[in-house]
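Below, chains carry the letters A, B, ... as their sequence lines are ordered, and counting in each starts from 1.
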Protein chains: 2
Amino acid sequence: MVDNNIKLTVDAIIFGYLIQEKELQILLIKRKYEPFKDMWALPGGYVKDDESLEDAVLRETKEETGLIDEPYLDQLYTYGDLNRDPRGRTVSVAYYGLINTKKLTASTDALEAKWFPINDLANLAFDHDKIISDALIRLRNKITYQPIGFELLGDKFTIPQLHSLYQTILGKEFDRRNFIRKFKKFNILEDLNEKETGVPNKPASLFKFNKVKYQEKIEQGFYFEI
Amino acid sequence: MVDNNIKLTVDAIIFGYLIQEKELQILLIKRKYEPFKDMWALPGGYVKDDESLEDAVLRETKEETGLIDEPYLDQLYTYGDLNRDPRGRTVSVAYYGLINTKKLTASTDALEAKWFPINDLANLAFDHDKIISDALIRLRNKITYQPIGFELLGDKFTIPQLHSLYQTILGKEFDRRNFIRKFKKFNILEDLNEKETGVPNKPASLFKFNKVKYQEKIEQGFYFEI
DNA sequence: CCAAAAGTGTTGAAACTACACCCATGG
DNA sequence: CCATGGGTGTAGTTTCAACACTTTTGG
């Protein structure tokens with residue numbers, strides 16, 4: 001039909017969160033080839049004819065970073081400016097992902113993949129700094145009205161951890177009591193009747209996110225909002 | 001580099017609004033060729049190598065519908081499922097647009113383009129019903145936190161028209177006094193000190209949206225929300 | 001003068017903010 | 001017993017929701 005030479009790629013902005021350090025991070029790879037050789041960049045690459053966009057994101061991310069588990073993924077935006085890739089016209093569908101940081105670390109060294117604190121990123125290839133900035137804005141918006149913050153914590157977490165996560169990502173303080181009260185009123189956290197261990201102070205209670213209950217409430221017209 | 005055969009297209013969901021009838025509409029075209037010949041579909045088509053995605057949307061929309069003025073455009077989502085186009089793998093970047101309905105009508109007949117009420121759409125080609133449904137959800141969300149509803153009205157409009165627009169799009173009633181009070185408190189409407197004409201009852205005052213003032217307020221941390 | 005839609009204030013309920021003390025644990 | 005962070009209630013303020021009558025115009 002029409003013969004165009006536009007190449008289609010995907011890019012992944014994978015967010016991780018260090019609970020102890022209260023730090024939001026992004027997973028980047030060091031480019032092995034030109035253009036932008038040796039610069040840090042988002043994982044990503046060409047989409048194959050027979051794979052969906054999400055499959056392409058997952059495949060490229062795993063190949064390039066050694067990530068094992070599958071992150072929660074959401075489509076961010078499609079970048080199509082004329083000169084964003086010096087090799088020729090390239091349109092990239094960006095997805096952002098959230099993952100519990102514990103679930104990788106291991107295999108990344110050989111592949112030159114590395115977590116970077118969001119506030120201390122390397123110089124990035126292509127228009128990737130703009131993409132990351134967009135992803136961060138989206139993440140900040142989305143955690144206020146969708147319960148996706150849990151994806152960055154483990155299956156079990158404490159309320160103070162959740163509190164810190166929100167404060168870190170949104171860059172502002174929430175009164176502890178008001179925050180807890182609001183979250184508890186949603187009634188989507190399940191008390192596991194366990195305490196955290198290994199802390200030199202009063203241990204906090206552990207909770208998990210009850211996805212089933214959340215879905216039920218959504219169907220009944222419930223809206224989550226922080 | 002990698003040799004893939006993925007075709008890149010754009011699709012446009014152009015929304016219009018009939019003030020008198022209080023009806024939200026979408027601009028569709030009748031397909032001239034297979035596949036889905038003679039079915040109604042969203043305007044759209046292949047992206048050229050040397051045009052941006054937005055330019056492609058505008059070009060295709062104008063060519064296929066005879067639309068003269070340029071609609072307000074926002075990227076919606078990118079659709080990339082494997083079998084969405086029977087001709088082969090096609091990824092489509094969808095944009096939704098808002099336009100003052102008065103600004104076309106004329107030249108559409110020859111081209112077989114037509115406005116359809118959102119609640120009474122034809123059977124649609126491809127996955128276009130899903131795309132429209134997504135666009136409508138996005139529009140409903142967006143008008144609650146961005147002042148884009150004005151794009152559907154003329155430069156001059158009355159508060160009751162704005163009130164009806166919100167009620168129509170969101171499918172629910174707003175108390176008239178509370179709605180007006182809220183909007184007035186935002187202080188982004190400029191009273192033109194004119195009255196509407198040709199109505200058989202008390203004429204309403206005309207206003208315009210003060211974009212400059214809105215931008216100023218945004219920079220000062222103001223958030224619009226209905 | 002009549003019909004139709006515009007315009008305008010107040011009150012009670014609900015949600016939000018700010019704030020301080022005691023408790024459980026490890027060292 | 002000390003340091004550290006966890007856990008909890010209340011009161012004042014602000015925002016939100018509900019509600020009805022008078023005004024202006026064209027016919």
Counting only pairs under 3.5 Å, give me each side-chain donor-acceptor contact of residues 157-176 of chain A, with atom names and distances, residues two or more places apart or in other chains.
from   : atom 1 : to     : atom 2 : distance (Å)
A:T158 : OG1    : A:Q161 : N      : 3.1
A:Q161 : OE1    : A:T158 : N      : 3.1
A:H163 : NE2    : A:Q167 : OE1    : 3.3
A:H163 : NE2    : A:F174 : O      : 2.7
A:S164 : OG     : A:P160 : O      : 3.1
A:Y166 : OH     : A:I143 : O      : 3.1
A:Q167 : OE1    : A:F174 : N      : 2.8
A:T168 : OG1    : A:S164 : O      : 2.8
A:D175 : OD2    : A:R177 : N      : 3.2
A:D175 : OD2    : A:N178 : N      : 3.0
A:D175 : OD2    : A:N178 : ND2    : 3.4

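- Within residues 159-167 of chain A, no residue has any heavy atom closer than 4.0 Å to DNA chain C.
- Remark: A:K202, A:P203 in residues 202-209 of chain A come within less than 4.0 Å of DNA chain C through at least one heavy atom.
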Residue pair A:I118, A:F15: steps toward the side-chain contact (heavy atoms from CB on, under 4.5 Å) verdict = CA-CA 9 Å; A:I118 191 76; A:F15 289 103; 4.2 Å; yes

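- At least one side-chain heavy atom of A:L73 sits under 4.5 Å from a side-chain heavy atom of A:V57.
- Residues that satisfy the side chain to side chain donor-acceptor pair (under 3.5 Å) test with B:S92, not counting sequence neighbours, are B:T9, B:D11.
- The stretch residues 192-200 of chain A touches DNA chain C through A:V199, A:P200, each having a heavy atom within less than 4.0 Å of the strand.
- Remark: A:I137 engages A:S133, A:N141 in a side-chain contact (heavy atoms from CB on, under 4.5 Å) (not counting sequence neighbours).
- Checked by atom type and distance alone, the side chain of A:H128 never pairs as donor or acceptor with a backbone atom of A:A41 at under 3.5 Å.
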Identify every side-chain donor-acceptor pair in residues 213-226 of chain B under 3.5 Å, counting partners at least two apart or on other chains, and give the distances.
from   : atom 1 : to     : atom 2 : distance (Å)
B:K217 : NZ     : B:F186 : O      : 2.5

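- From the 5' end on, the contacts that DNA chain D makes with chain B at under 4.0 Å to a non-hydrogen atom open and close at D:dA17 to D:dG26.
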All N/O pairs under 3.5 Å across the protein-nucleotides 16-20 of chain C interface:
from   : atom 1 : to     : atom 2 : distance (Å)
C:dA18 : N7     : A:N178 : ND2    : 3.1
C:dA18 : N6     : A:N178 : OD1    : 3.3
C:dC19 : N4     : A:D175 : OD2    : 3.4
C:dC19 : N4     : A:R177 : NE     : 3.3
C:dA20 : N1     : A:R177 : NH1    : 3.1

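- Contacts classified as salt bridge (charged side-chain N to carboxylate O under 4.0 Å, His left out) and involving residues 137-147 of chain B (residues at least two apart or in different chains) are given here: B:D74-B:K142.
- Counting only heavy atoms from C-beta outward, the side chains of B:D155 and B:K208 never approach each other to under 4.5 Å.
- Applying the salt bridge (charged side-chain N to carboxylate O under 4.0 Å, His left out) rule to pairs touching residues 15-27 of chain B yields nothing, sequence neighbours excluded.
- A distance of 4.5 Å separates OG1 of B:T61 from CD1 of B:I14, quoted to the nearest 0.5 Å.
- Across the protein-nucleic acid pair, A:N201 atom CG and C:dG27 atom P stand 10 Å apart, rounded to whole Å.
- For the pair B:T101 (side chain) and B:Y17 (backbone), a donor-acceptor distance under 3.5 Å is present.
- Ion pairing between A:E70 and A:K62 holds under the 4.0 Å rule for side-chain N and carboxylate O.
- How far CH2 of A:W40 is from CG of A:L124: 10.5 Å, rounded to the nearest 0.5 Å.
- Sorted by first and then second residue, the pairs that involve residues 123-136 of chain A and meet salt bridge (charged side-chain N to carboxylate O under 4.0 Å, His left out), not counting sequence neighbours, are A:R84-A:D127, A:K130-A:D134.
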